[in-house]
Amino acid sequence: TVAYFAEGRAIKGDAKFQHVWSGAKWNFASAANRDLFAAAPEKYAPQYGGFCAYGVSYGAKPKGSGEAWSIHEGKLYLNLNRAIRVLWRTDIPGYIAKAEANWPQLKDR
């Protein structure tokens with residue numbers, strides 16, 4: 001997840017650069033990226049647990065794709081696919097507002 005911010009693209013992680021956070025194993029492309037994440041995971045982790053932010057805005061939890069992502073106001077958002085990302089980008093602030101309202105009820109489902 002650090003690579004989205006640092007390099008503007010997804011980079012496959014390696015288990016030798018792993019960090020455990022929030023009950024999940026996170027793999028990184030380098031020790032430097034792992035250490036950046038470990039120091040501030042909330043800064044780099046995708047919003048809504050990595051679920052599709054557009055879907056969360058509609059009250060659902062579809063999987064997010066590492067190939068369909070956006071950074072908005074310093075936060076990483078994943079979408080189901082690139083076609084959904086096109087829809088997401090038509091009103092990111094509006095969809096975030098809806099997702100923020102829905103997430104408390106969805107996150108533990």
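As a basis for the values below, the full set of heavy atoms in this structure was taken, side chains included, without hydrogen atoms, waters or symmetry mates.
- Closest of all the heavy-atom pairs between Gln18 and Arg34 is O-CD, 3.3 Å.
- Here CD1 of Ile11 is found 4.0 Å from CZ of Arg9. Values are rounded to the nearest 0.5 Å.
- Residue Lys61 places its NZ atom among more than 12 non-hydrogen atoms of other residues, nucleotides or ligands, all under 6.0 Å distant.
- With a 4.5 Å cut-off on side-chain heavy atoms, Asn102 and Tyr58 do not count as touching.
- For the pair Leu76/Trp69, a side-chain contact is recorded, criterion being any heavy-atom separation below 4.5 Å from C-beta on.
- Listed here is the closest heavy atom pair of Thr1 and Ala45: OG1-N, 4.4 Å.
- Between Ile96 and Glu100 the shortest side-chain heavy-atom distance falls below 4.5 Å.
- Contact check for Leu78 versus Trp88: no side-chain heavy atoms found under the 4.5 Å cut-off.
- Ala99 and Ala53 get closest at one heavy-atom pair: CB-O, 4.0 Å.
- Without hydrogens or angle criteria, Trp26 side chain to Trp21 main chain gives a donor-acceptor distance under 3.5 Å.
- Across every non-hydrogen atom of Pro41 and Ala38, the tightest pair is CD-O, 3.7 Å.
- Shown here is Glu73, whose CD atom has no more than 12 heavy atoms of other residues, nucleotides or ligands within 6.0 Å.
- The aromatic rings of Phe37 and His19 lie perpendicular to each other, with more than 60° between the two planes, well past the 30° mark.
- Expressed to the nearest 0.5 Å, how far CZ of Phe28 lies from CG of Asp14 amounts to 12.0 Å.
- Side-chain atoms of Tyr44 do not come within 3.5 Å of backbone N or O of Tyr4 as any donor-acceptor pair.
- Put simply, CG on Asn79 and CZ on Arg89 are 8.0 Å apart, with the number rounded to the nearest 0.5 Å.
- Residues Gly66 and Ala10 approach most closely at O-CB, 3.7 Å, considering heavy atoms.
- A donor-acceptor pair is defined here as one N or O able to donate and one able to accept, closer than 3.5 Å; no such pair exists between the side chain of Ser70 and the backbone of His72.
- Distance NZ/Lys63 to CG/Leu80: 10.5 Å, rounded to 0.5 Å.
- Rounded to the nearest 0.5 Å, atoms NZ (Lys75) and OH (Tyr48) are 7.5 Å apart.
- Both Tyr77 and Trp103 are assigned to one and the same hydrophobic cluster, defined by single-linkage of ILVMFWY side chains at heavy-atom distances under 4.5 Å.
- Two different hydrophobic clusters hold Ile92 and Phe5 under the rule that ILVMFWY side chains link at heavy-atom gaps under 4.5 Å.
- Put simply, CD on Gln47 and CD1 on Ile71 are 11.0 Å apart, with the number rounded to the nearest 0.5 Å.
- Taking each heavy atom of Arg109 and Gln105 in turn, the nearest pair found is NE-O, 3.4 Å.
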